[in-house]
Amino acid sequence: VSGVPGLKEDCEELLGAFLQADTVRFERFAELWRERRFHTVFYGRMRALQRNKLTKKTLDLAQQYFLPPYSFQIRVGALYLLYGLFNAQLCQPKQKIRIALKDWPEVQKFQQDLLDSEHYDAAYILRRMRLARAFHFTAMPKLLTYRTKKKIEENHFKEEFRDPCSRVNDLISNDVLEELMNIHDHYQKMKCVISADKSQPDKSLSLIKDDFVVNLKDITLEHQEWQQNRVKLLQSVKETDNTENKKKEETLLKSEGSERASALARIKYRSYSAAVEVSKSRRHRQVQLESSESGPSCGKSPSRSKKASRRPQPLELRRRGEMQVAKEITTQHIGMPIITEEDSDE
Amino acid sequence: SIDMLMPSEKEEDPDVIPEDSSLLTLQIRKKALERREETIIVDRACRQETLTYEMESHAAGRRPDNTTDLIEEGELLLTLNIFYPVIFQKHKDQKPYQTVLLLGSQKLTELRDSISCVSDLQIGGEFSSQPDQAPEHISKDLYKSAFFYFEGIFYNDRRYPECRDLSRTIIEWSESHDRGYENLQSVKMEDYVFNDLAIKIGFPYLYCHQGDCEHIIIITDIRLIHNDDCLDRNLYPLLVKKHWLCTRKCFVCKMYTARYAT
């Protein structure tokens with residue numbers, strides 16, 4: 001139904017501290033755990049039914065951090081967290097951790113990675129959990145509940161926990177580049193073979209840029225470097241204590257990416273909020289825009305407020321709406337100049 | 001090489017929330033508990049809560065007396081929600097349902113037998129002159145036909161000769177005009193086990209019996225059987241959650257639930 005209040009913050013705090021510690025050793029995690037006395041998270045006087053539900057929700061929340069797209073360190077931290085929560089729970093018989101069928105190969109791959117990189121403590125923990133039968137192997141990750149939710153809560157997990165978005169890299173990976181190179185060479189050779197001069201392709205056959213593969217590689221490298229610089233810059237900005245400068249720099253960074261996005265939003269907003277006037281013969285059926293304002297008494301109008309009248313909008317309201325729209329967008333993504341991510345605008 | 005570094009060594013009472021906790025969860029929970037203590041005079045489990053808890057956990061960990069009834073590894077466990085057929089306004093947000101656990105290797109007929117619906121207990125006829133007479137037959141014995149509808153196929157109960165193919169009407173209707181439903185088929189229920197079906201989780205399916213009593217069935221979960229589950233095959237299909245019916249006590253004897261309300 002609803003999540004456990006405060007649990008997400010606590011877990012993120014613990015995982016964040018683990019991330020900061022920049023290690024994957026279990027001892028370090030155990031220290032952090034003991035510092036916070038995390039095993040007390042199940043305390044509190046409650047009867048068995050409520051305790052079962054609470055534990056289930058806790059394990060479910062922690063399990064989400066265990067799977068991709070989170071970064072490797074976060075996943076190891078989540079593994080330790082699951083181990084700790086599973087063993088610290090007070091339910092008898094113990095509540096289990098749900099792993100979906102589709103996620104299981106990734107977990108196995110994760111285990112293989114751990115063994116390959118010689119993080120034997122993490123691999124041992126995973127094995128211990130499997131031996132203790134801590135997992136339920138299910139078809140779907142979330143257990144369905146049938147109550148109409150008033151609003152669909154979206155889990156916005158911290159962006160820093162994710163690996164930097166490597167979609168460009170996924171698309172243009174090394175293998176793809178190699179293949180492209182091969183095909184390109186092959187193509188050039190074919191052109192040479194069929195043209196008169198055996199050493200060079202005919203001028204009439206030059207339809208593509210010869211160095212296109214090399215250019216592609218350079219562009220992807222550039223993009224990767226830009227991304228890494230961005231992340232570093234943001235992190236260093238967040239760490240400095242100077243709040244004023246921080247805000248300015250942050251907005252600078254963010255506005256770089258979202259200028260275009262906010263311009264688009266502005267245009268859309270303008271076009272959708274002007275209502276067309278219908279001819280006078282249909283006066284009783286004039287088009288009216290929905291207004292989310294409840295009159296002058298409400299202090300701050302909610303974002304995307306539209307005016308319920310047919311006249312063109314007064315300048316102040318539009319600007320206010322714009323600013324809120326822009327603010328809404330800036331807080332949603334770190335921003336990339338050309339490629340917009342799926343979860344930003346729409 | 002790694003021990004359990006987690007729990008603290010000294011004896012702690014898990015009911016008491018520590019004062020100096022840095023965890024936000026505990027702070028919120030403490031406030032809620034304090035508020036509860038102020039407002040609630042007597043804090044004990046009500047009947048509904050006891051029922052829910054007991055139903056969920058009564059079969060956990062059970063082992064059969066007979067080892068042939070033991071469920072093997074690799075068996076699938078399905079969780080089905082069977083909704084009540086009534087349509088009331090107050091059910092708009094939350095329709096009452098029963099939850100049944102099933103094994104993948106069980107036949108559809110076993111599920112059919114385990115669904116208890118009040119329309120099965122109905123008796124037809126005029127009985128106002130002898131209201132307390134035990135009925136000779138209930139509808140369940142008279143009208144034995146039923147069908148399940150999963151993914152475009154109707155599974156009809158054909159075990160007894162009285163059972164009719166209720167889905168024939170529907171199939172004829174859909175074939176009469178081009179209504180956009182592709183081939184609906186009709187097969188026998190007793191030939192199929194749940195492992196043979198291709199089903200979607202969360203998608204509503206239908207169980208129809210008595211000709212017009214329709215229940216929606218939704219499968220909420222499929223998972224592998226676990227050591228801590230009930231491993232006695234005879235107990236499945238297992239009812240784990242039943243909707244609490246509001247009943248009123250009889251005003252005359254003040255002991256039993258009322259039978260007739262005037």
Side-chain angles (χ1 to χ4, degrees), chain A residues 4-11 13-14 26-27 29-31 33-52 54 58 83-85 87-88 90 93-94 96 98-101 120-122 124-125 128 133 135-140 142-148, chain B residues 1-8 12-18 20-33 36-37 43-45 48-50 52-54 56-57 60-61 76-79 81 83 92-95 97 199 201-202 218-229:
Chain A
V4 180
L7 187 67
K8 189 157 125 184
E9 285 78 13
D10 286 331
C11 285
E13 199 262 316
L14 180 57
F26 180 64
E27 289 97 11
F29 184 83
E31 271 171 37
W33 173 282
R34 274 196 300 266
E35 255 172 58
R36 291 164 182 72
R37 300 183 72 226
F38 218 82
H39 67 286
T40 56
V41 81
F42 294 115
Y43 280 16
R45 191 162 50 96
M46 59 182 106
R47 288 183 290 268
L49 186 67
Q50 199 191 353
R51 176 168 284 135
N52 282 354
L54 184 84
T58 313
Y83 180 64
L85 288 173
N87 286 312
L90 304 162
K94 291 201 184 292
K96 317 286 186 297
R98 292 174 64 93
I99 304 267
L101 190 63
Y120 291 127
D121 49 0
Y124 177 76
I125 299 247
R128 274 287 284 262
R133 299 192 177 114
F135 294 111
H136 264 336
F137 302 98
T138 69
M140 290 290 133
K142 267 193 169 215
L143 191 57
L144 298 174
T145 49
Y146 281 95
R147 301 173 80 129
T148 52
Chain B
S1 55
I2 309 287
D3 314 311
M4 300 263 289
L5 302 169
M6 264 24 110
S8 63
E12 270 183 2
D13 184 12
D15 282 347
V16 173
I17 298 184
D20 52 349
S21 180
S22 58
L23 297 174
L24 185 61
T25 327
L26 285 182
Q27 287 162 10
I28 299 180
R29 201 179 291 163
K30 200 163 154 64
K31 275 195 222 134
L33 271 179
R36 216 178 126 90
E37 266 175 53
D43 193 7
R44 60 160 190 259
Q48 288 88 343
E49 191 181 330
T50 323
T52 326
Y53 178 66
E54 277 303 316
E56 262 182 31
S57 51
L76 286 176
L77 191 72
L78 287 99
T79 316
N81 282 359
F83 287 78
K92 245 194 317 197
D93 292 320
Q94 223 189 321
K95 211 166 150 101
Y97 57 91
I199 39 188
I201 296 191
I218 300 188
I219 304 183
T220 46
D221 186 29
I222 305 180
R223 63 174 174 82
L224 288 177
I225 199 95
H226 191 274
N227 194 37
D228 283 344
D229 295 326

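Residue numbering restarts at 1 for every chain, and letters A, B, ... go by the order of the sequence lines. The figures here come from the full heavy-atom set of this structure, side chains too, leaving out hydrogens, waters and symmetry mates. Fair warning: this is a prediction, and the values are worked out from it, not measured in the lab.
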Relative to chain A, which segment of Ile28(B) carries a heavy atom at a distance below 4.5 Å: side chain, backbone, both, or neither? side chain
When rounded to the nearest 0.5 angstrom, what is the spacing between CG in Leu49(A) and CD in Glu54(B)? 10.5 Å
Which bit of Glu37(B) comes within less than 4.5 Å of chain A, counting heavy atoms only: side chain, backbone, both or neither? side chain
Basic-acidic side-chain contact under 4.0 Å: Lys94(A), Asp228(B): no
Whatever's closer than 4.5 Å to a heavy atom in chain A on Leu33(B) counts as side chain
Rounded to the nearest 0.5 angstrom, the NZ-CG distance for Lys96(A) and Asp229(B) is 7.5 Å
Greatest number of heavy atom pairs closer than 4.5 Å to chain B - which of Arg47(A), Glu9(A), Gln50(A), Glu31(A): Arg47(A)
What part of Phe135(A) gets closer than 4.5 Å to chain B, counting heavy atoms only: side chain, backbone, both or neither? backbone
Check whether any side-chain heavy atom of Asp10(A) lies under 4.5 Å from a side-chain heavy atom of Gln27(B), and answer yes or no. no
Separation of Ile99(A) CD1 from Arg223(B) CZ (nearest 0.5 Å): 13.5 Å
